[in-house]
Amino acid sequence: MDHNGIAAVRRTVSMMSSRGTSAMLSRAARMRQKLQSALEASALDIEDVSYQHAGHAAVKDNANETHFNIRVISPKFEGQSLVKRHRMVYDLLTDELNSGLHAISIVAKTPKESGS
């Protein structure tokens, strides 16, 4: 790589670090950021199970990161019904659901319910 190529790489890295890297993060990483921040989760497991759905009609062009299992433990779920907890998670992931996320399975518990 010549001097111009190295300079271009440095500019790209600099721009990414200065403006944020949300576009460069995987869907799972973006989901983790959104859920952790908003729900103050004491535990958060996000499992990409897209490979189990490869070839299904809803999965276009062998898209990746379309199906996830999410397990989240949050004090913000205290006093909320299961439906409300799931709605909280779905609302936080609206952008992802509108941009290729096809399905999520959610386990949403309070710290007390999880034994934490």
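Values reported hereafter were calculated over all heavy atoms of this structure, with side chains retained and with hydrogens, waters and symmetry mates removed. Note that the structure is a prediction, hence the values are computed from the model and not measured.
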Self-check item: Glu113 side-chain N/O to Thr110 backbone N/O, donor-acceptor pair under 3.5 Å
Solution: yes

Practice problem: Can you establish whether the number of heavy atoms outside Arg71 located under 6.0 Å from its atom CZ is more than 12? | Solution: no

Practice problem: Could you check if a side-chain atom of Ile70 sits within less than 4.5 angstrom of a side-chain atom of Leu44, using non-hydrogen atoms only? | Solution: yes

Quiz item: Are Leu97 and Leu92 in one and the same hydrophobic cluster, where Ile, Leu, Val, Met, Phe, Trp and Tyr link if side-chain heavy atoms are under 4.5 Å apart?
Solution: yes

Quiz item: If you look at every heavy atom in Lys109 and Phe77, which pair is closest and at what distance?
Solution: O-CD1, 3.3 Å

Quiz prompt | Main-chain N/O of Thr66 paired with Arg27 side-chain donor or acceptor, under 3.5 Å | solution = no

Quiz item: How long is the gap from NE2 on His67 to NE2 on His102, to the nearest 0.5 Å?
Solution: 4.0 Å

Quiz item: Is a donor on one side and an acceptor on the other found under 3.5 Å between the side chain of Ser114 and the backbone of Pro111?
Solution: yes

Quiz item: Ile106: what forms a side chain to side chain contact (heavy atoms under 4.5 Å, CB included) with it, not counting sequence neighbours?
Solution: His86, Val89, Tyr90, Ile104, Ala108

Practice problem: Enter the distance from Arg85:CZ to Arg87:CZ here, rounded to the nearest 0.5 Å. | Solution: 15.5 Å

Quiz prompt | Distance (rounded to the nearest 0.5 Å) between Arg30 CZ and Glu96 CD | solution = 4.0 Å

Quiz item: Side chain of Ser74, backbone of Leu39: donor and acceptor closer than 3.5 Å?
Solution: yes

Quiz item: Going hydrophobic residue to hydrophobic residue with side-chain gaps under 4.5 angstrom, can you get from Leu25 over to Leu35?
Solution: no

Quiz item: Between atom CZ of Arg32 and atom OG of Ser37, what is the distance when rounded to the nearest 0.5 Å?
Solution: 13.0 Å

Quiz prompt | Results of side chain to side chain contact (heavy atoms under 4.5 Å, CB included) for Asp48 - residues two or more places apart only | solution = Ser50, Glu65, Phe68

Exercise. State, yes or no, whether a side-chain contact exists between Leu101 and Met31 at a heavy-atom distance under 4.5 Å.
Key: yes

